[in-house]
Structures are given as C-alpha cells and as structure tokens.
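Structure first, then comments.
All values below were derived from every heavy atom in this structure, side-chain atoms included, with hydrogens, water molecules and symmetry-related copies excluded. Chain letters run A, B, ... following the sequence lines, proteins first, then strands; residues in each count from 1.
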Amino acid sequence: MPSLRHIRRRISSVRSTQQITKAMKMVAAAKLRRAQDRMLSARPYAHKIADVVNSLALRVNRDRHPLLSLREGKRALVVVITADRGLCGAFNANVIKRTVAFLEEEPFSEKSLLIIGRKAADFFKRRTYPIRETHTDLFRNLTFAQASNIGKKLVEAYTQDTVDEIYLVYNEFKSVLQQRLTVQRLLPFVPQRDTRQAGHPPGGYPEEAIIDYLYEPSVDALLDHLLNKHVEVQVFQALLESAASEQGARMTAMEAATENAADMIQRLTLYFNKVRQASITKELIEVVSGAEALR
Amino acid sequence: MAEILSLQIVTPDRLVVEERVDEVTAPGTLGEFGVLPGHTPFLSSLGIGEVCYRKGSERHYLSIAWGYAEVEPESVTILAEIAEKAEEIDRERAEAARRRAEKRLAGGEDTVDFERAQVALQKALIRLQVISKKLPG
C-alpha cells in the first residue's frame, strides 16, 4: 500500500498541472478572440478577390497567363501549415497525417514541400520528402508582408517551371470547437463556373452568355496583377485561418485536460481517504490487541 | 434590367461598405469613371482618389488608394488596399501628413523618398478633399 505522503504528493502534482492547463486555456481564449477577429475581417476581401479572379479567368483563354495554363506534368509542391507549438490536441498531427496521405495517394511524379510552422518542420526533417523552404515563428507576429513573400516565392517556383501544381494543406476555421482540414489547390488557377448570382442556371452561365469585360488598362496587366495578388491573399488567409484554428484547438484541448485533472484529483482524494481510514483502523487494532495481550 | 447597383467595398482587413446604391464613381488608373445600373461588364485597376456613391439624393464619399474595381450590370465590387469613409478620416492627421510630405518634397529630390513623399502627399490631399465634401452635409 502506498504511503499517505506519496498520495498527497501525487495530488498536489496533478493540481499544479491543472493550474497550468487552466492558465493555458485562458491564454488561448484571449488569443483566439484576436486571431478570430483578424481572420473574419480578412475573409470578405479574400473571397471577393477570388470571385473577381474567377470571373476574369472565365473570360480569357487559359494560355493567356502562365498561372492559368494547365500543364501535363505532375510535379507537386505542397504547402503545409501547422502551428509552431504543441499542446493543441490533434491539430498538428491531423495536418501532417493528411499531408503524408495526400503525397502518397496522388500520382505525383515529383513531390516537394514548403513548410510553415515548427511542428511540421520537426516532423518532415526526418523524412525523405525534399523540402524547399521552412518558415517557423511566423505566427507570433503575422503580417501580410510575410504572406506576400511566401506567395511570391510560390509564383516564382511555378513560373520558372520547377513545379506543375501547388497545394495548400491547412486547418480552416469553422468554429471555436471545430477545425476543418482543407486541401486546396492554389495553382494553376482553375476557374469555377460562376454561380454566385441567383437566377442563373445551376451549372452557371452557358458558355456564350459570358460577355467580355472592358479592361482598363489592359487585360494582360490586370490579369497578371490580380493573379499574383490572389495567390498572396490566399496564402495570407490560410495563415490567418490556421492561426485562429490553432488557438481554438488549444483552448478545447486545455479545457479537456483541466477536466481530466479534476477527475483525477477527485479519484486520488477518494483513494487517499481510503488509505487513511485503513491505516487508522490498523493502528486501532494494534493498540487493542496489544492491550488484550497484556491482560 | 436592374434599377439598382449592389456596391461592396472591401480592403484586406475589413468590409468597408455594403450597400444598394444608384450610382458610383471611382478613380480608375486611366481616369475617373462613373457607373449606373446596367453598365457593361468592366474591370479596372484603381489609383489614389475618391469614390463617391449616391443613394437617392444622399452622396457618400470615401478616399481610396490602389486596388481594382469589378463592374457588372447589377453590382460593383471595389477591392482597395486602403479605403476610408469621409467620417472616419482624421483631419489633423491628414493635414500633418500633407505638411510633412510637402516639406520633404521641397527639400531634396530624386531620392527614393521623393517618390514616396509624392504618394503620401497625394493621399493626404485626397483625404482632405473627401472631408471637405462631407462637412457641408
């Protein structure tokens, strides 16, 4: 039977762990609030620019711009976005698992990675996939300039013809309690038939109903600007979504940990009392039987 | 044909305006343009300038800098790097920015700063112009 002191020590250790997880939960909640606000206010722009690029891309020939043209090759670049820190449940593991599965399942002829976040960096460092670049410590102070840098490098890799497809794997923010793991094709840009306005047939416009735009200054200049911008904005949005999701995931994970610690303390306290009772009983028996023997 | 335009003005950090309006004018890089309902599809890049939209007889002004405008018969979408409503602009800050830029312009020339100062001056002037239109009501 373990000693009372031993159990008491155990309880106090669990209690201090509980305090830490509780504090982490509170910190995550505060950070979540900020990350979420930022992400939500950036969403309209990201969606709008995607819409505009989409309707523009529908109207021009695919060969007009390198970022639009589909290539035969199957050389893929996958951008993995995880957090820099752990203790947020399955958040990082999910992204990594999905990335590995994606790389293995799809018939790519060549695979390479661009890694954002220390957790993915640690994981892929010991694997065989070639890594183009690693960015860590982005999330502490996330700016559009950083996203735009990454975006530019992606576009460069694509236009210099070293990759044929670029994908993003990240956690999209659905709600505080829920993240949605997303695999999104970034390049080449494939326009969707436009269905955002009501009143159009479900399949979008029929081919001939698309009226060409008037352009100012010129189609090519606009297309070039918009596509580049679009890539940067999408990267930024993915980073913001991931940052908000991370805090959400950490908050839920820490909440669960705090609850588990409470359960454990309760069980240990019960056990502690039982052991104490037992030792009192034992001592009593010893005293009584000692006195009995003397008589 | 629709008699009304749905206008959206967004910047990377927020949705600035979402309204149903009767008329919009915006500063294209090749000159200002106006849009009424039923406009032909049109896509333009935007410079530094003022956006004005009319709702009935009410006119609203914004200062914007760079971006794109997508015009469709029933909608106008403006994607701007910077956009501020007239009532949000800080007059003192704009004045200060104008003075700073003017001083820099008067000082040196053909440095990198020169171009930046010119842009800053332009932005400040537009902000002031937008405010002055707001004030009379």
#### Entry: Contacting moiety of Q8(B), where chain A heavy atoms sit under 4.5 Å
side chain

#### Entry: Contacting moiety of A80(B), where chain A heavy atoms sit under 4.5 Å
backbone

### Task
Considering only heavy atoms, give the residues of residues 25-36 of chain A separated from chain B by less than 4.5 Å, sorted numerically, with 'none' for an empty result.
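Result: none.
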
### Task
May I ask you to list the residues in residues 157-190 of chain A that approach chain B closer than 4.5 angstrom, counting heavy atoms only, ordered by number?
none

Distance, nearest 0.5 Å, that separates [atom1] of [X] from [atom2] of [Y]:
{"X": "I64(B)", "Y": "E50(B)", "atom1": "CD1", "atom2": "CD", "answer": "10.0 Å"}
{"X": "Q234(A)", "Y": "L154(A)", "atom1": "CD", "atom2": "CG", "answer": "12.0 Å"}
{"X": "L5(B)", "Y": "S75(B)", "atom1": "CG", "atom2": "OG", "answer": "7.5 Å"}

### Query
How far apart are the C-alpha atoms of R20(B) and S6(B), what are their side-chain angles, what is the distance that settles it, and do they pass the side-chain hydrogen bond (donor to acceptor under 3.5 Å, both in side chains) test?
CA-CA 4 Å; R20(B) 303 180 66 73; S6(B) 71; 4.9 Å; no

#### Entry: For K152(A), side-chain contact (heavy atoms from CB on, under 4.5 Å) partners two or more places apart
S148(A), E232(A)

#### Entry: Trace of the side-chain hydrogen bond (donor to acceptor under 3.5 Å, both in side chains) decision for D220(A) with H65(A)
CA-CA 8 Å; D220(A) 296 312; H65(A) 196 278; over 6 Å; no

### Message
As an exercise: rank L15(B), T11(B), L43(B), V10(B) by heavy-atom pairs under 4.5 Å with chain A and give me the winner.
### Response
L43(B)

If you look only at distance, which donor and acceptor atoms sit under 3.5 Å apart when one is on a side chain in residues 24-37 of chain B and the other is two or more places apart or in another chain?
{"from": "T29(B)", "atom 1": "OG1", "to": "S45(B)", "atom 2": "O", "distance (Å)": "3.3"}
{"from": "T29(B)", "atom 1": "OG1", "to": "S45(B)", "atom 2": "OG", "distance (Å)": "2.8"}

Taking every heavy-atom pair that is under 4.5 Å apart, which of [options] has the most such pairs with chain B?
{"options": "R43(A), K229(A), R38(A)", "value": "K229(A)"}
{"options": "F236(A), F144(A), Y215(A)", "value": "Y215(A)"}
{"options": "A42(A), A46(A), S218(A)", "value": "A42(A)"}

### Query
Hey, does the side chain of N54(A) reach the backbone of A50(A) with a donor-acceptor pair shorter than 3.5 angstrom?
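Answer holds: no.
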
### Task
Verify, without hydrogens or angle tests, whether S242(A) (side chain) and A238(A) (backbone) share a donor-acceptor contact under 3.5 angstrom.
no

### Task
May I ask you to decide whether R14(B) forms a salt bridge with E88(B), counting only side-chain N to carboxylate O separations under 4.0 Å?
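A salt bridge is present here (some side-chain N lies under 4.0 Å from a carboxylate O).
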
### Query
Charged N to carboxylate O under 4.0 angstrom, K55(B) versus E58(B)?
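A salt bridge is absent here (no side-chain N lies under 4.0 Å from a carboxylate O).
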
### Side chain to side chain, H135(A) and I150(A), heavy atoms closer than 4.5 Å
yes

### Message
Quick check on R132(A): does its CZ atom have over 12 non-hydrogen neighbours (other residues, nucleotides or ligands) under 6.0 Å away?
### Response
yes

### Contacting region of L240(A) [heavy-atom separation from chain B under 4.5 Å]
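Neither part.
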
